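Below: the structure, in structure tokens.
One-based numbering, in listed order, for ligands and for the atoms of each. In this text, all values refer to a predicted model and were calculated from it rather than measured experimentally.
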Amino acid sequence: MKTFKVGYIVGSLAKGSINRLLAKALARLAAPGMELVEIPIGDLPLYSYDYDADYPQVARDFKQAIADVDAVLFVTPEYNRSIPGALKNAIDWASRPWGKNSFARKPSGVIGTSPGAIGTAVAQQQLRGVLCFCNSPLMNTLEAYIHFKPGLITEDGDVTDASTADFLRNYLKELHVFIERVLTVLPREG
Ligand code: FNR
């Protein structure tokens, strides 16, 4: 089995983020063959194309971090039935300057959790549209809308519910297969 480095981006900047807990849980559940590393977005300024001629170091580092991984996993909350502004801002940075879109041909997956019953489904659908435009081959299935209940994931990233843990393990397994398929058909350039 090939080992893939997957960079995860947490869409929430909140200290007590439940999506960060979910990301922590995924990093712990990942089987051999997948290494999860965080790609932080919290220090990025607000994007403007005025920066395109000379990206600040923090944005260069962000783009390099994406270049350094085989795939990107978005772990996002739903804010007002969409993705958080911080996440959209990060995607805008990575997608530019024109012709240097970091997501082009980079496999991706989307997952998220919410205390709401539809578990970030609307935000994820919108994110899928954005990633489609950014030319990222995106895993269609499995979809993962995690309904968060207090105690579901401990501070250490332990999933307390066995069926949720199994589901997440299976999600990661499918993501591995998807990344392998994409990179086999279309190896990364450079
Ligand atoms: C929310 N929340 C929320 N939940 C949801 O399921 N659908 C939604 O549209 C919204 N909208 C929304 C807007 C804003 C501005 C906030 C702050 C929150 C509730 C949200 O799911 C909850 O706060 C989660 O804890 C957010 O995830 P993180 O940030 O803790 O990872």
Side-chain angles (χ1 to χ4, degrees), residues 6-30 34-48 58-59 61-62 65-66 69 71-95 102-103 106 108-134 136 138-172 174-175:
V6 177
Y8 65 86
I9 294 179
V10 178
S12 174
L13 303 184
K15 290 191 189 75
S17 167
I18 58 175
N19 283 278
R20 177 164 297 287
L21 282 185
L22 175 59
K24 227 184 213 182
L26 288 164
R28 291 189 68 152
L29 290 169
M34 195 181 271
E35 183 198 349
L36 266 69
V37 292
E38 179 166 10
I39 300 180
I41 62 171
D43 291 335
L44 290 166
L46 287 178
Y47 172 79
S48 148
V58 64
D61 291 347
F62 177 58
I66 295 172
V69 294
V72 178
L73 176 61
F74 293 86
V75 188
T76 188
E78 179 173 288
Y79 287 177
N80 299 316
R81 293 284 181 263
S82 186
I83 59 171
L87 178 56
K88 181 60 165 54
N89 181 56
I91 292 171
D92 290 346
W93 274 112
S95 69
S102 303
F103 297 117
K106 178 83 58 176
S108 62
V110 175
I111 189 169
T113 187
S114 161
I118 57 171
T120 71
V122 181
Q124 288 193 42
Q125 287 307 315
Q126 296 196 6
L127 180 53
R128 283 169 181 271
V130 173
L131 293 172
C132 177
F133 182 77
C134 290
S136 168
L138 175 64
M139 182 169 76
N140 292 322
T141 304
L142 296 174
E143 296 170 298
Y145 310 120
I146 309 299
H147 184 190
F148 193 89
K149 294 185 183 133
L152 177 67
I153 305 172
T154 68
E155 287 301 315
D156 294 333
D158 269 331
V159 181
T160 57
D161 174 61
S163 69
T164 304
D166 282 348
F167 177 85
L168 293 175
R169 256 186 233 104
N170 196 38
Y171 177 89
L172 290 167
E174 285 294 324
L175 184 63

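For the pair Ser17 and ligand 1, the shortest N or O to N or O distance falls below 3.5 Å. Among the atoms of Thr113, none of the N or O lies under 3.5 angstrom from an N or O of ligand 1. Remark: ligand 1 and Pro115 share no N or O pair separated by less than 3.5 Å (distance only, no angle test). On a distance-only criterion, Thr120 and ligand 1 share no N/O pair closer than 3.5 Å. Between Tyr79 and ligand 1, a contact under 3.5 Å exists for at least one N or O pair.
Atoms of ligand 1 lying under 4.0 Å from any heavy atom of Ser12, numbered from 1 in the order shown and given with element: 28 (P), 29 (O), 31 (O). Taking every heavy atom of Asn19 and a limit of under 4.0 angstrom, the matching atoms of ligand 1 come to 27 (O), 28 (P), 31 (O). Set against the non-hydrogen atoms of Pro77, the atoms of ligand 1 under 4.0 Å away are 26 (C), 27 (O), 29 (O), 31 (O).
Here the CG atom belonging to Leu26 is positioned 5.5 Å from the CG atom belonging to Leu168, to the nearest 0.5 angstrom. Distance check, rounded to the nearest 0.5 Å: CD of Gln125 to CD1 of Ile118 gives 10.5 Å.
No side-chain donor-acceptor contact under 3.5 Å links Asn19 and Ser17. With 3.5 Å as the limit, one finds a donor-acceptor pair spanning the side chains of Ser108 and Ser136. Residues Glu78 and Ser114 have side chains that never bring a donor and an acceptor to within less than 3.5 angstrom of each other.
Ranking the protein heavy atoms by distance from atom 7 (N) of ligand 1 puts Glu78 OE2, 2.8 Å first. Ser114 OG, 2.6 Å is the protein heavy atom nearest to atom 6 (O) of ligand 1. Looking only at heavy atoms of the protein, atom 9 (O) of ligand 1 is closest to Arg81 N, 2.7 Å. In terms of protein heavy-atom proximity, atom 24 (C) of ligand 1 is closest to Ile18 CD1, 3.8 Å. Closest protein heavy atom to atom 15 (C) of ligand 1: Asn80 ND2, 4.0 Å.
For atom 4 (N) of ligand 1, a protein heavy-atom neighbour is present inside the 4.0 Å cut-off. Put simply, atom 13 (C) of ligand 1 has protein non-hydrogen atoms near it, under 4.0 Å away.
Judged purely by atom type and a 3.5 angstrom limit, His147 has no side-chain atom pairing as donor or acceptor with the backbone of Thr113. Judged by distance alone, the side chain of Ser95 and the main-chain N or O of Asp92 form a donor-acceptor pair under 3.5 Å.
The residues Lys24 and Asp156 are annotated as not salt-bridged, no charged nitrogen and carboxylate oxygen being separated by less than 4.0 angstrom.
In this structure, the side chains of Leu73 and Tyr171 come closer than 4.5 Å at one or more pairs of heavy atoms.
Under the 30°/60° scheme for interplanar angles, the aromatic rings of Phe74 and Phe103 are found to be tilted.
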